Visitor: 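What follows is a structure written as C-alpha cells; I'll ask about it next.
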Amino acid sequence: MYDEHLPANLAKRIEELRGREASYWEDELFSPEALTNLAYREELEKTFKLDPLGPLPPRI
C-alpha cells in the first residue's frame, strides 16, 4: 500500500489520520514533513484523494 521508501513513522502518521476530520489531514499537507518529503506528500494526496493543485491555505 505505501511506497517502500516511505519511513515507518510517516506511514504510521497516515494511518492515524484515517477517519479523522478533514482539517487534520489538510493541516498535515502543510507540515514540515509533507513540504520537505514529496513522497510523503504524494502518499497523503493519494490516500485522502486530494487534488495536488488544490487551493492554498488562507493568508494570515
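Just so it is clear, the structure is predicted and the values come from calculations on it, not from any experiment. Below, each value reflects all heavy atoms present in this structure, side chains not excepted, and no hydrogens, waters or symmetry copies.
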Visitor: By ring-ring contact (aromatic ring centres under 6.0 Å, His included), which residues pair with Phe48, not counting sequence neighbours?
Guide: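 Per chain and number, Phe48 pairs via ring-ring contact (aromatic ring centres under 6.0 Å, His included) with Trp25.
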Visitor: Mind checking side chain to side chain donor-acceptor pair (under 3.5 Å) for Glu16 and listing every partner two or more places apart, or none if nothing turns up?
Guide: Arg13
Visitor: Do the side chains of Asn37 and Pro7 get nearer than 4.5 Å, heavy atoms only?
Guide: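 Contact flag for Pro7/Asn37 side chains = yes.
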Visitor: Tell me whether Glu45 is salt-bridged to Arg41, with the criterion being a basic N under 4.0 Å from an acidic carboxylate O.
Guide: yes
Visitor: Please round to the nearest 0.5 Å and tell me the distance separating atom CG of Asp27 and atom CZ of Arg20.
Guide: 11.0 Å
Visitor: Side chains of Glu28 and Tyr40 only: does a donor on one sit below 3.5 Å from an acceptor on the other?
Guide: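 Side-chain D/A pair, Glu28 to Tyr40: present.
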Visitor: Looking only at non-hydrogen atoms, find the nearest pair between Leu44 and Ala34 and report the distance.
Guide: CD1-CB, 4.0 Å
Visitor: Are Glu43 and Leu10 packed together at the side-chain level, in the sense that at least one heavy-atom pair is separated by less than 4.5 angstrom?
Guide: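 They are not in side-chain contact.
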Visitor: Are side-chain heavy atoms of Leu35 and Leu29 found at a separation under 4.5 Å?
Guide: no
Visitor: Is the NZ or CZ atom of Arg18 positioned over Tyr24's six-membered ring, under 6.0 angstrom from the centre and within 45° of the axis?
Guide: no
Visitor: For Glu33, which residues count as a side chain to side chain donor-acceptor pair (under 3.5 Å) partner, sequence neighbours excluded?
Guide: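 Once residues adjacent in sequence are excluded, the partners of Glu33 under the side chain to side chain donor-acceptor pair (under 3.5 Å) criterion are Ser31.
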Visitor: Between atom NZ of Lys12 and atom CD1 of Ile14, what is the distance when rounded to the nearest 0.5 Å?
Guide: 13.5 Å
